[in-house]
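We name chains A, B, ... by the order of the sequence lines, and we start the count at 1 in each one. These values consider heavy atoms only, across backbone and side chains, with no hydrogens, waters or symmetry-generated copies.
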Amino acid sequence: MADNTDKHTEIEYWSRCLAQVGCTRDRVLYLRFYDHFFPRLQSWLLGVTRDSTLAEELAQETMLIVWRKAAQYDASKAAASTWLFRIARNLYIDQLRRRQVQSRGRGLLTEEHTWFAEHTADAPRVRLAIRQLPQQQAQVIYKSYFEGKSHQEIANDMDIPLGSVKSSLRLAFQKLCTALRP
Amino acid sequence: MSNNHHPDEATLLSYAAGVLPESFDILLACHLRECGHCRAGVAEAEQLGGLLLEAIEPVTVHNWAGELGLLETEPQLLCNPRPDQICVPLPELSDPTQRQQPLPAPLQQLLTQGDTDLPWRWLAPGIKQIRLVTADAGLRLLKIAPGVSIPRHSHQGSELTLILQGAYRDEQGHFRPGDLSDAAPELEHQPVAEGPDPCICLVATDAPLRYRSLIARLLQPLTGL
Ligand SMILES: [Zn+2]
């Protein structure tokens with residue numbers, strides 16, 4: 001495992017790598033990116049879907065989209081990890097609801113892309129902030145991001161009131177945002 | 001347009017993580033369309049998601065060594081797509097780099113054409129509703145006549161309300177179009193439509209409301225609220 005300093009540069013390294021794949025279509029560089037992120041995506045998707053076949057399919061699909069849409073990626077707007085997270089999450093939600101959507105014939109509301117350029121995160125600082133969270137706050141963050149649980153499901157899991165889930169998440173989010181900002 | 005009432009940060013985080021019931025996602029997408037403040041909050045939660053993804057330990061975090069152990073011994077097996085895999089055509093999806101929220105037809109119609117020919121149904125004196133089809137069946141449009149109030153209630157679960165037209169007030173303050181009420185479970189409130197026009201709002205709930213008055217409770221099975 002790389003130490004914290006390497007980790008910090010790693011986030012930026014992968015962002016540069018993805019931007020370059022977008023410009024040059026460099027297959028070797030893409031495969032390096034793939035090797036780094038595919039197992040992470042698969043692990044994350046396994047947590048939220050609890051289905052190893054589906055997790056692998058969605059991770060594959062995410063990486064295919066990365067290859068196809070890499071030219072759209074703008075390293076000055078977001079880290080590669082943010083971009084990847086959004087794509088995987090969008091695919092996961094789409095997969096969850098696709099069948100119902102098709103049968104209903106609805107309109108689509110597309111997210112407007114007035115996203116603000118994110119600050120380059122000091123990843124070790126965020127990691128430190130995560131480690132310093134009180135146990136309950138760390139648990140609600142973990143259950144939200146890694147187990148795909150809603151507030152109510154977390155309240156049931158942990159046997160705490162819904163209001164405590166929301167306030168723990170809110171406090172944790174505020175602390176982690178402070179660590180994200182320069 | 002700047003709004004006075006916004007969702008709880010916990011709600012924004014769960015929206016970004018993709019873990020809210022569909023009804024809540026739809027309602028938030030409608031608020032985010034107009035609220036840069038909350039879009040910035042979602043973007044931060046997504047950045048956090050990316051950092052967590054980057055930091056994940058593929059095998060040890062989940063301890064599913066049986067399935068993922070392969071990655072340790074044969075990483076090439078799973079990690080290298082063959083060139084032909086790269087070219088497999090995907091089913092025609094919406095653009096996955098952007099989050100796209102499908103809207104139920106009556107809501108779509110309301111947002112684009114306004115309140116014309118919508119299939120409102122009587123719910124209670126001065127209150128009409130349209131139940132919207134979602135996976136979790138927790139979304140409805142309410143149209144409240146001026147001066148009419150929703151019976152005082154508290155919540156067993158979460159309740160999000162987004163004002164689409166008109167205005168209302170409750171114990172938390174005044175709500176205008178674009179404002180979102182993220183009712184804390186302990187909140188007991190009695191929203192009243194304000195102003196000369198009916199108040200149309202989008203309401204997402206994940207559990208039945210708790211009405212205070214006996215009559216409202218007796219009516220509950222009929223109204224479904
Ligand atoms: Zn807002």
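- Heavy atoms closer than 4.5 Å to chain A are found in both the backbone and the side chain of Thr11(B).
- The distance from the CD atom of Glu54(B) to the CZ atom of Arg40(A) is 5.5 Å, given to the nearest 0.5 Å.
- Atoms OG1 and CD, from Thr82(A) and Gln47(B) in turn, are 5.0 Å apart once rounded to the nearest 0.5 Å.
- For Tyr73(A), no part sits under 4.5 Å from any heavy atom of chain B, backbone or side chain.
- Atom CD of Glu171(B) has more than 12 neighbouring heavy atoms from other residues, nucleotides or ligands inside a 6.0 Å radius.
- For the residue pair Asn90(A) and Thr97(B), the shortest heavy atom distance occurs at ND2-C, 3.9 Å.
- Contact detail for Leu13(B) and Tyr145(A): the closest heavy-atom pair is CG-OH, 3.8 Å.
- Of all heavy-atom pairs between Glu44(B) and Leu180(A), the closest is O-CD1, 3.7 Å.
- In this structure a side-chain-to-backbone donor-acceptor pair under 3.5 Å is present from Arg89(A) to Ala16(B).
- Closest approach of Ser144(A) to Val19(B), counting heavy atoms only: O-CG1, 3.4 Å.
- Here Ile11(A) contributes atom CD1 and Leu51(B) contributes atom CG; the two are 4.5 Å apart, rounded to the nearest 0.5 Å.
- In this structure, Cys177(A) SG and Leu48(B) CG are separated by 6.5 Å, a value rounded to the nearest 0.5 Å.
- In this structure, Asp95(B) and Gln72(A) have side chains that are in contact, with non-hydrogen atoms separated by less than 4.5 Å.
- Each of Phe146(A), Tyr142(A), Trp44(A) was checked for a side-chain contact (heavy atoms from CB on, under 4.5 Å) with Leu52(B), and the lone residue meeting it is Phe146(A).
- In this structure, NZ in Lys69(A) is found 8.5 Å from CD in Gln98(B), a value given to the nearest 0.5 Å.
- In the model, Ser14(B) has a side-chain atom that pairs as donor or acceptor with a side-chain atom of His151(A) under 3.5 Å.
- Both the backbone and the side chain of Leu162(A) have a heavy atom closer than 4.5 Å to some heavy atom of chain B.
- Heavy atoms only, all atoms of each residue included: Leu91(A) and Pro96(B) are closest at CD2-CB, 3.8 Å.
- Between the side chain of Arg170(A) and the backbone N or O of Glu9(B) there is no donor-acceptor pair closer than 3.5 Å.
- In this structure, chain B has heavy atoms under 4.5 Å from both the backbone and the side chain of Leu41(A).
- What you find for Asp182(B) and Lys166(A) is that their closest heavy atoms are OD1-NZ, 2.6 Å.
- Shown here is Lys128(B), whose NZ atom has no more than 12 heavy atoms of other residues, nucleotides or ligands within 6.0 Å.
- Counting heavy-atom pairs closer than 4.5 Å to chain B, the top residue among Ile130(A), Val165(A), Ile87(A) is Ile87(A).
- When each of Leu171(A), Leu176(A), Thr62(A), Leu84(A) is checked for heavy-atom pairs under 4.5 Å with chain B, Leu176(A) comes out on top.
- For the atom pair Ile93(A) CD1 and Gln101(B) CD, the distance stands at 7.5 Å (nearest 0.5 Å).
- Using a 4.5 Å cut-off between heavy atoms, Glu153(A) makes no contact with chain B at all.
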